[in-house]
Amino acid sequence: MIIYFSGTGNSAAVARGLAERLGEPLQALMAVSPLELRFEGRRLIFVFPIYSWGVPPIVLDYIRSLNASFVEECAGRVAVWGVATCGDEVARAPEMFRKCVVGAGLDFRGFCDVIMPNNYVLLPGFSVDPVEVERRKLSEYEKRVDAVAEKILADAPVVDVTVGSWPRLKTGVVYPLFKRWGITPSRWVATDACVGCRKCVEVCPVKNIAMKDRQPVWGDNCMSCCGCYHVCPRNAVQYGRITRGKGQYFFPWNKK
């Protein structure tokens, strides 16, 4: 089975592609509680975006919270894979994922990445890719999904990723700082350009946004996935002043 977490559609697209190629059932991470999850299929594959050179906290927490009967059913017979979407590199995210999986009592088999368009915009200097780079990545990602599917079918232990420079610093230092300070729900606002279309509410993977007087209001359970920012048709969703003037990206589901 494939369990995915996605904000702007990149990881959902990769998960869907793997499900088609591998014949595995597809499940959104937040659709079923880890305490109620039941295993289906032949393998257990988690698909998610890289967060600040690490695994999204919500994914780690989900794996750690899996119910005992699920772990008992999978342990010793089900290979566990991580497939991460990233704009450029993953640093030491594979080690973080492996440690979490093994700590939960499951059998880690491998970790692969799929390069996709950048979408993180919540820090100065971070923005979406130029249009030509975005198009190139979208034109190439399905070949990479093919390659990842072949590795999973081969069932041999493998870590096939772009690590990048300074991986220990990025995952060991920057990622903890991101967890502590980089997820700040209170900074999200809707400008006067908002038309109350509810797209931000519908796209939020953790249902953290509600409408009040035809305006979105953010709760405290934000994952900083940026889905609400990128999906807004009026660019009315802003993260304080940081996102002003930055571009938007959302996976083009109708690109074929």
Side-chain angles (χ1 to χ4, degrees), residues 4-14 47-59 84-91 93 113-138 141 162 164 170-171 173-195 197-209 215-253 255:
Y4 71 92
F5 175 71
S6 186
T8 63
N10 281 343
S11 295
V14 169
V47 182
F48 49 84
I50 290 294
Y51 268 31
S52 191
W53 299 289
V55 180
I58 191 173
V59 175
T85 58
C86 63
D88 301 288
E89 59 192 35
V90 304
D113 65 6
V114 179
I115 303 297
M116 297 291 279
N118 277 300
N119 54 44
Y120 187 72
V121 294
L122 305 188
L123 284 174
F126 287 77
S127 189
V128 298
D129 288 324
V131 173
E132 62 273 16
V133 176
E134 176 186 314
R135 289 175 177 171
R136 175 180 58 78
K137 289 180 177 180
L138 288 174
Y141 92 93
T162 300
K170 289 173 178 175
T171 301
V173 178
V174 179
Y175 176 82
L177 291 174
F178 166 80
K179 281 185 63 178
R180 179 66 179 86
W181 302 106
I183 303 177
T184 312
S186 61
R187 300 192 71 167
W188 288 109
V189 296
T191 70
D192 291 340
C194 176
V195 295
C197 69
R198 297 182 54 86
K199 287 188 176 181
C200 56
V201 175
E202 295 165 2
V203 80
C204 180
V206 294
K207 308 302 180 186
N208 185 55
I209 306 173
Q215 293 282 306
V217 178
W218 283 261
D220 296 328
N221 192 34
C222 180
M223 295 294 110
S224 286
C225 73
C226 301
C228 57
Y229 166 83
H230 290 290
V231 80
C232 180
R234 301 293 297 272
N235 202 17
V237 173
Q238 297 289 320
Y239 192 69
R241 296 184 177 182
I242 291 177
T243 49
R244 289 184 183 178
K246 293 186 177 181
Q248 292 174 284
Y249 165 83
F250 209 89
F251 183 84
W253 293 99
K255 70 183 184 66

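What you are looking at is a predicted structure, and each value in this text was computed from that prediction instead of being measured.
- Formation of a donor-acceptor pair under 3.5 Å by the Thr191 side chain with backbone atoms of Ala193 is found in this model.
- The side-chain heavy atoms of Cys228 and Pro216, taken from C-beta on, include no pair separated by under 4.5 Å.
- Smallest separation of non-hydrogen atoms from Thr171 and Ala93: OG1-N, 4.0 Å.
- The salt bridge (charged side-chain N to carboxylate O under 4.0 Å, His left out) check on Lys246 picks up nothing, with sequence neighbours excluded.
- Using a 4.5 Å heavy-atom threshold, the side chains of Leu138 and Arg136 count as separate.
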Between Val201 and Lys199, is the side chain to side chain contact (heavy atoms under 4.5 Å, CB included) condition met? List the steps. CA-CA 5 Å; Val201 175; Lys199 287 188 176 181; over 6 Å; no

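- Residues passing the salt bridge (charged side-chain N to carboxylate O under 4.0 Å, His left out) test with Arg198, sequence neighbours excluded: none.
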Atom pairs and distances, donor-acceptor, side-chain atoms in residues 238-245, under 3.5 Å, two or more places apart:
{"residue": "Gln238", "atom": "OE1", "partner": "Thr243", "partner atom": "OG1", "Å": "2.6"}
{"residue": "Gln238", "atom": "OE1", "partner": "Arg244", "partner atom": "N", "Å": "3.3"}
{"residue": "Gln238", "atom": "NE2", "partner": "Asn235", "partner atom": "O", "Å": "3.0"}
{"residue": "Gln238", "atom": "NE2", "partner": "Asn235", "partner atom": "OD1", "Å": "3.3"}
{"residue": "Thr243", "atom": "OG1", "partner": "Tyr239", "partner atom": "N", "Å": "2.8"}

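- Listed by first then second residue, pairs satisfying salt bridge (charged side-chain N to carboxylate O under 4.0 Å, His left out) with a partner in residues 119-131 read Asp129-Lys137, not counting sequence neighbours.
- Nearest heavy atoms, Ser224 versus Gly182: OG-O, 3.3 Å.
- Within the structure, side-chain hydrogen bond (donor to acceptor under 3.5 Å, both in side chains) pairs that include any residue of residues 5-14 comprise Thr8-Asn119, Asn10-Tyr249, Ser11-Thr85 (at least two apart or interchain).
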Can Tyr4 and Val59 be said to form a side chain to side chain contact (heavy atoms under 4.5 Å, CB included), step by step? CA-CA 9 Å; Tyr4 71 92; Val59 175; over 6 Å; no

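- No side-chain heavy atom of Cys86 sits under 4.5 Å from any side-chain heavy atom of Pro49.
- When all heavy atoms of Ala84 and Ile50 are compared, the pair lying nearest together is CB-CD1, 3.7 Å.
- When Val121, Val133, Asn118 are each tested for a side chain to side chain contact (heavy atoms under 4.5 Å, CB included) with Val128, only one passes: Val121.
- Looking only at distances, no side-chain donor or acceptor of Asn221 sits under 3.5 Å from a matching main-chain atom of Asn208.
- In this structure, the salt bridge (charged side-chain N to carboxylate O under 4.0 Å, His left out) partners of Glu89, at least two apart in sequence or on a different chain, are Lys170.
- Counting all heavy atoms, side chain and backbone alike, Ala190 lies closest to Trp218 at N-CZ3, 4.0 Å.
- Taking all atoms of both residues into account, the shortest heavy-atom contact from His230 to Gly247 is CE1-O, 4.1 Å.
- A donor-acceptor pair is defined here as one N or O able to donate and one able to accept, closer than 3.5 Å; such a pair exists between the side chain of Gln248 and the backbone of Cys232.
- Ring orientation note: the planes of Phe178 and Tyr51 are nearly perpendicular, at an angle over 60° on the 30°/60° scale.
- Ala236 approaches Cys194 most closely through the heavy-atom pair CB-N, 3.4 Å.
- At a threshold of 4.5 Å between non-hydrogen side-chain atoms, the residues Tyr141 and Val14 count as touching.
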When you look at Tyr175 and Trp53, which way does the side chain to side chain contact (heavy atoms under 4.5 Å, CB included) test go after all the steps? CA-CA 6 Å; Tyr175 176 82; Trp53 299 289; 5.5 Å; no

What's the verdict on side chain to side chain contact (heavy atoms under 4.5 Å, CB included) for Asp113 and Thr162, showing C-alpha distance, side-chain angles and the deciding distance? CA-CA 7 Å; Asp113 65 6; Thr162 300; 3.7 Å; yes

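- When the shell of 6.0 Å around CZ of Arg234 is examined, it contains 12 or fewer heavy atoms from other residues, nucleotides or ligands.
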Stepwise ring pair (Phe, Tyr, Trp, His ring centres under 6.0 Å) test for Tyr229 and Phe250: CA-CA 10 Å; Tyr229 166 83; Phe250 209 89; over 10 Å; no

